[in-house]
Structure formats: C-alpha cells, structure tokens
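The structure under discussion appears below in the form of structure tokens.
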Amino acid sequence: MANKLSENTELTLDLKTLIIIVSFVVTVVGMWFAIQTDIQLAKELPEPQVTRTEYDLKDQLIRETIINTQEKVQENSKKLDKIDEKLYEIIEKK
C-alpha cells in the first residue's frame with residue numbers, strides 16, 4: 001500500500017537528523033563563500049613578472065629551435081633534390 005502525501009501527512013525528524021542537515025547546509029554555504037573570496041583575491045593579484053634570466057633562456061631556446069628547424073629543412077631540400085634527379089633519370093631511361 002502506498003501512502004499519499006497531503007496536508008495532513010506527518011513527517012517526524014529527530015534532533016540528530018536536523019543537526020546533520022543544518023551542519024551540511026552551513027558547510028556548503030561556508031565553502032561557497034570561501035571559494036568566492038579566493039576567486040576575488042585571484043582577480044586582484046598582479047600578473048607575475050618575467051625575470052631577465054627567464055626571458056634570456058626562453059629567447060635562446062626559441063632561437064636554437066629555429067636554427068635546428070632551418071637545418072632540417074635544408075637537409076630535406078637536399079634529399080628532395082636527389083630524389084628529383086633519380087626520378088628524372090628513371091623517366092629519361094623509358
């Protein structure tokens with residue numbers, strides 16, 4: 001048999017259950033306000049400054065990467081030229 005809920009339905013909660021519900025709500029609200037405070041503080045903090053040493057190291061790394069890429073492109077170009085010559089020789093033989 002299913003009980004129907006109506007205005008006359010009685011709901012009984014003991015003190016222990018009420019304390020658990022209230023403490024849960026207080027905890028969630030407290031966490032929400034703490035997170036909001038942290039977000040606001042993070043918005044107000046200044047952006048970190050890049051030190052000269054960090055800038056120099058990043059600049060050096062970028063330059064080395066560009067040079068390495070340039071060398072690889074030149075190597076691939078030489079290989080492509082050799083492949084092109086061999087292909088031309090094959091076509092000429094036919």
Side-chain angles (χ1 to χ4, degrees):
M1 287 185 151
N3 294 333
K4 292 185 178 182
L5 293 176
S6 67
E7 293 178 4
N8 297 331
T9 304
E10 290 186 27
L11 180 64
T12 57
L13 296 173
D14 60 347
L15 186 58
K16 183 178 177 182
T17 307
L18 287 175
I19 290 173
I20 290 173
I21 292 171
V22 169
S23 64
F24 176 75
V25 170
V26 168
T27 302
V28 170
V29 170
M31 288 173 57
W32 188 81
F33 280 111
I35 289 173
Q36 292 301 315
T37 304
D38 289 344
I39 290 172
Q40 190 60 35
L41 179 64
K43 287 180 181 179
E44 295 171 0
L45 291 175
E47 294 182 14
Q49 295 181 357
V50 178
T51 63
R52 183 66 191 178
T53 306
E54 184 179 3
Y55 176 80
D56 290 340
L57 290 173
K58 286 183 180 180
D59 183 57
Q60 180 183 2
L61 179 65
I62 290 170
R63 290 177 188 273
E64 288 175 2
T65 304
I66 291 171
I67 291 171
N68 290 339
T69 304
Q70 183 180 9
E71 291 171 357
K72 289 179 182 179
V73 167
Q74 289 173 352
E75 290 174 10
N76 288 338
S77 178
K78 290 177 185 177
K79 290 178 183 178
L80 186 61
D81 289 341
K82 288 181 183 179
I83 292 172
D84 194 31
E85 289 173 11
K86 289 182 180 180
L87 184 61
Y88 181 75
E89 290 174 6
I90 291 173
I91 292 174
E92 286 294 314
K93 288 182 182 179
K94 289 185 177 182

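These values consider heavy atoms only, across backbone and side chains, with no hydrogens, waters or symmetry-generated copies.
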Quiz item: After noting the C-alpha distance and the side-chain angles of Gln40 and Glu44, does the key distance pass the side chain to side chain contact (heavy atoms under 4.5 Å, CB included) rule?
Solution: CA-CA 7 Å; Gln40 190 60 35; Glu44 295 171 0; 3.3 Å; yes
Quiz item: Cut-off 3.5 Å, side chains only: do Thr65 and Asn68 have a donor facing an acceptor?
Solution: no
Quiz item: Got a donor-acceptor contact below 3.5 angstrom from the Ser77 side chain to the Val73 backbone?
Solution: no
Quiz item: Rounded to the nearest 0.5 Å, how far does CD of Glu89 lie from CG of Asp84?
Solution: 10.5 Å
Quiz item: Is the closest side-chain heavy-atom distance between Lys78 and Lys82 below 4.5 Å?
Solution: no
Exercise. Treat each ILVMFWY residue as a node, draw an edge where side-chain heavy atoms are under 4.5 Å apart, and state whether Phe33 and Ile39 are in one component.
Key: no
Quiz item: More than 12 non-hydrogen atoms from neighbouring residues, nucleotides or ligands closer than 6.0 Å to CD on Glu10, yes or no?
Solution: no
Quiz item: Rounded to the nearest 0.5 Å, how far does OG1 of Thr27 lie from CE of Met31?
Solution: 8.0 Å
Exercise. Enter the distance from Leu80:CG to Glu75:CD here, rounded to the nearest 0.5 Å.
Key: 13.5 Å
Practice problem: Any chance you could lay out the side chain to side chain contact (heavy atoms under 4.5 Å, CB included) test for Gln60 and Asp56, step after step, and finish with the verdict? | Solution: CA-CA 6 Å; Gln60 180 183 2; Asp56 290 340; over 6 Å; no
Practice problem: State whether Lys58 and Glu54 are salt-bridged, where the test is any N-O pair (Lys NZ or Arg NE/NH1/NH2 against Asp/Glu carboxylate O) under 4.0 Å. | Solution: yes
Quiz item: Taking a hydrophobic cluster as the set of Ile, Leu, Val, Met, Phe, Trp and Tyr residues connected by side-chain heavy atoms closer than 4.5 Å, whether directly or through intermediates, do Trp32 and Val29 fall within one such cluster?
Solution: yes
Quiz item: To the nearest 0.5 Å, how far apart are NZ in Lys16 and CD1 in Ile21?
Solution: 13.0 Å
Quiz item: Looking at CG of Asp14 and CD1 of Ile20, how far apart are the two atoms once the value is rounded to the nearest 0.5 Å?
Solution: 8.0 Å
Self-check item: Residue that, paired with Tyr88, satisfies side chain to side chain contact (heavy atoms under 4.5 Å, CB included) out of Lys86, Glu92, Glu85
Solution: Glu92
Quiz item: CG/Leu57 to OG1/Thr53 distance, rounded to the nearest 0.5 angstrom?
Solution: 6.5 Å
